[in-house]
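Reviewing the structure listed below.
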Amino acid sequence: MQAIYNIAEICAQKGIKHVVLCPGSRCAPLTLAFSRQGSFNIKVMSDERSAAFVALGMAQECRQTVVLICTSGSALYNFAPAVAEAFFSGIPLLILSGDRPTEWIGQQDGQTIYQQDIFGKHVKRFFQLPQEYAHTDNVWAINRAVNEALNLTNNEQPGPVHINVPLREPLYPVNNQPIHFVKDVRVINNTPKEFVLSDDTKSIFTKHWKQYNKVLIVAGQQPANLALTQLLQFNIEKHNLPVLADIISNQHKLTQAIKHADAFLGQAPDSLKESLQPELLITFGGGVIAKQVKLFLRKHKTIAHWHIGTEEQQADTYQSLTHTASVSPESFFNFLSTIDKKENFDKQKKENYQQVWQLEEQKAQTLITDFFPATSLGEFEIVHDIIKHLPQDSSLHLANSMSVRYANYVGLSEKQSSIEVFANRGTSGIDGCTSTVVGHCIANPEKLQVLITGDIAFFYDRNAFWHTYPLPNLRIVLLNNHGGVIFKLIDGPADLKEVDEYFVANQKLSAKHLCAEFAIDHLIIDSRKKVNNQIKNFFENDGTPKILEIETDTQLNKTIFESFKKKLKERYES
Ligand SMILES: Cc1ncc(C[n+]2csc(CCOP(=O)(O)OP(=O)(O)O)c2C)c(N)n1
């Protein structure tokens, strides 16, 4: 087993800190190697689906590869939702699965499935280790594969990598022999590729830059990056650029960001959309939440569209992509900051274009500030109140469905620049939102982690709490409308006679019993008067995890959301 035990030593020497382990026999050599090696922070969780999302949250928080270990059989399949999310969001995970030697697959030997390449395209690479480890070639092959896998997880395009480890019995050390770690195990270091803008690319871009004055920037989902935000700010001011920034782009520090495009584009007349139509579109980061931005840019197509980034996949979200520049957004915006300002008539045109966006943003912002009803207890106004009261230096996590959408309509202010926003938008699943936040809590116990979630997403992922790790920094706002309210709010299902039974899928739970089971403080808001007081108690840092539950009425939520859209529309009718 020495070659297998060495896997833990290689990981340790390559700086891996966190390991999430799911118990089982087939993976026992891995379990023992990682636990006895001594340098890892190991967490044990029995539900593999939840464990994988916890690992994902930890990797996202530390911006470092997390190792995820499980036994053979369906255990491994349960990692799949988080693996897919990690793949599409670029989060580094190394998955190590114990397996039977290949001759035992399909031989009714129990707990055996086809594990090779099980995640298909949802991992960056799959490695099958040799199943005999004594020959020096196999020792070399295992070492090489583990090094390569680790390097792949966290290079210029991070993501999940899977190593399947066939293990022959005996799986446990005979006579309890100690495990020996080879300290001079070989480590292959990886120097990340350096991407630079070639002179050719610079000159093609500069030609476009000179040619077009309606230049629009769209920031997609990305982690907070102060240096990049400062560069963007410089470019906005120098070149008069409108920057569309969803809440998940973490660009709320920008002074002139357009944060409410989703709100106003949804209601804007065609004439306005025509004047907002860009000639040159520059995008960076992942996807955007704003559906109206996507529809607008697909219909009112730009002439040139440059996507900046080192992603392998070429996403043509707006069906207008003409160029990709494989450099980091920092180096691109650095280059942009060196280009001369436009002068005279061109300068005027650029300023005008920026002003049209700016004006719409300001009007939407004013409407949103004034909109929220003071007495009703709908979930939109609760999200608004929570966001306004978020403590500095906390993280805001948004579950899929209406939570992330409401929050995007509300937005964060420039003053809240120390708050980082996260959401599982790689696959937009409702399945691991809570576990992901738990991973953040475990990896960074100093930071307050606030999740806003709907009830279906919340109860779906209740095994997020099923372990022994304290979560004093966890705060969950549970918008309990007893079903998937989104299906009542979006165009399409809302008016179908089947909507309640087959889409909303009512459920009756409240978090009361769950909170008692897992020793979580359960706070309730059942009237608007209690909001301020309860929010204050909720954010208090007294060493206990807390869930703030608000039972809301679907019809009221629908009425409030519709009245919000109506008010946005009325602005254009008057
Ligand atoms: C794993 C997964 N299953 C199903 C869906 C489809 N889906 C999207 S939103 C939603 C309902 C979510 O309800 P809830 O969490 O209560 O939020 P609300 O709609 O009330 O805001 C469903 C089933 C999904 N995104 N992910």
Side-chain angles (χ1 to χ4, degrees), residues 47-50 52-53 56-57 77-89 119 122 221 247-248 262 287 289 291 377-384 386-387 396-410 422-437 450-464 476-494 496 498-511 514 525 547-562 564-565:
D47 177 336
E48 284 86 3
R49 179 165 60 81
S50 174
F53 277 109
L56 178 137
Y77 241 160
N78 278 294
F79 283 169
V83 170
E85 176 61 35
F87 181 77
F88 286 110
S89 325
F119 301 118
H122 294 113
Q221 183 170 24
I247 195 164
I248 55 168
D262 204 24
I289 301 167
K291 187 163 184 193
L377 193 64
E379 49 194 30
F380 198 2
E381 52 268 37
I382 294 292
V383 171
H384 172 261
I386 293 287
I387 287 183
L396 172 64
H397 299 263
L398 301 165
N400 286 309
S401 203
M402 284 312 291
S403 299
V404 71
R405 289 177 175 80
Y406 288 137
N408 193 39
Y409 284 126
V410 173
F422 297 93
N424 284 352
R425 297 298 293 176
T427 61
S428 300
I430 53 167
D431 38 4
C433 305
T434 315
S435 294
T436 303
V437 184
V450 184
L451 167 69
I452 305 181
T453 178
D455 53 289
I456 302 279
F458 176 78
F459 290 110
Y460 194 132
D461 194 19
R462 57 203 285 167
N463 277 353
I476 297 179
V477 179
L478 170 57
L479 306 171
N480 194 350
N481 50 48
H482 296 284
V485 80
I486 192 167
F487 299 110
K488 291 272 204 178
L489 302 189
I490 55 173
D491 296 335
L496 297 179
E498 293 91 346
V499 66
D500 285 320
E501 187 173 359
Y502 298 121
F503 294 88
V504 175
N506 287 111
Q507 63 81 30
K508 291 183 179 151
L509 298 181
S510 100
L514 180 148
I525 293 182
I547 292 177
L548 178 64
E549 181 168 13
I550 305 101
E551 280 200 324
T552 64
D553 176 69
T554 295
Q555 191 48 48
L556 175 71
N557 292 325
K558 189 174 163 69
T559 308
I560 290 172
F561 193 59
E562 279 170 359
F564 173 67
K565 289 205 281 188

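Remember, it's 1-based here, ligands and their atoms both numbered in the order they're listed.
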Legend entry - Side chain, backbone, both or neither: Asn481 near ligand 1, heavy atoms under 4.0 Å: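 Looking at Asn481 and ligand 1, just side chain atoms fall under 4.0 Å.
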Inset, instruction - Report the C-alpha distance between Glu549 and Ser510 in whole Å, list the side-chain angles of each, state the deciding distance to 0.1 Å, and finish with yes or no for side chain to side chain contact (heavy atoms under 4.5 Å, CB included). - result: CA-CA 8 Å; Glu549 181 168 13; Ser510 100; 3.5 Å; yes
Below 3.5 angstrom, do we get any N/O pair linking [X] and ligand 1?
X      : value
Ser428 : yes
Phe458 : no
Ser403 : no

Short list, please: which atoms of ligand 1 are under 4.0 Å from a heavy atom of [X]?
X      : value
Met402 : 21 (O)
Ile456 : 12 (C), 13 (O), 14 (P), 15 (O), 16 (O)
Gly484 : 11 (C), 13 (O), 19 (O), 20 (O)
Ile486 : 9 (S), 19 (O)
Gly454 : 14 (P), 15 (O), 16 (O), 17 (O)

Legend entry - Evaluation steps, side chain to side chain contact (heavy atoms under 4.5 Å, CB included), between Phe503 and Ile490: CA-CA 12 Å; Phe503 294 88; Ile490 55 173; over 6 Å; no
Inset, instruction - Look at ligand 1 and say whether Pro81 reaches it with a heavy atom at a distance under 4.0 Å. - result: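 The answer is no: ligand 1 sits nowhere under 4.0 Å from a heavy atom of Pro81.
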Inset, instruction - Could you tell me if any non-hydrogen atom of Phe487 lies under 4.0 Å from any atom of ligand 1? - result: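 So Phe487 counts as touching ligand 1.
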Inset, instruction - Return the option from Ala457, Ser401, Gly429, Ala399 holding the heavy atom at the smallest distance from atom 9 (S) of ligand 1. - result: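 Answer by nearest heavy atom: Ser401.
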Inset, instruction - Specify the protein heavy atom at minimum distance from atom 26 (N) of ligand 1: its residue, its atom name, and the distance to 0.1 Å. - result: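 Answer, as residue, atom name and distance: Ile430 N, 3.1 Å.
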Inset, instruction - Please step through side chain to side chain contact (heavy atoms under 4.5 Å, CB included) for the pair Asn424 and Asn400, ending with a clear verdict. - result: CA-CA 7 Å; Asn424 284 352; Asn400 286 309; 4.1 Å; yes
Legend entry - Among Asp461, Thr434, Thr436, Val437, the one residue meeting side-chain contact (heavy atoms from CB on, under 4.5 Å) with Phe53: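 Exactly one candidate clears the test, Thr436.
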Legend entry - Crowding at CZ, Phe459 (>12 non-hydrogen neighbours, <6.0 Å):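 Check passes, neighbour count above 12.
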Inset, instruction - Might you work through the side chain to side chain contact (heavy atoms under 4.5 Å, CB included) test for Val477 and Thr453, ending with a clear yes or no? - result: CA-CA 6 Å; Val477 179; Thr453 178; over 6 Å; no
Inset, instruction - For atom 22 (C) of ligand 1, state whether the nearest protein heavy atom is under 4.0 Å away. - result: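 Neighbour list for atom 22 (C) of ligand 1 includes protein heavy atoms (cut-off 4.0 Å).
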Inset, instruction - Please check if any side-chain donor atom of Asn481 sits under 3.5 Å from a side-chain acceptor atom of Thr554, or the reverse. - result: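 Their side chains do not contain a donor-acceptor pair, so the 3.5 Å distance test is not met.
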Inset, instruction - Before giving the answer on salt bridge (charged side-chain N to carboxylate O under 4.0 Å, His left out), spell out for Lys488 and Asp500 the whole-Å C-alpha distance, their side-chain angles and the decisive distance to 0.1 Å. - result: CA-CA 8 Å; Lys488 291 272 204 178; Asp500 285 320; 3.0 Å; yes
Legend entry - Verdict with reasoning, Phe88 to His122, per ring pair (Phe, Tyr, Trp, His ring centres under 6.0 Å): CA-CA 8 Å; Phe88 286 110; His122 294 113; 5.7 Å; yes
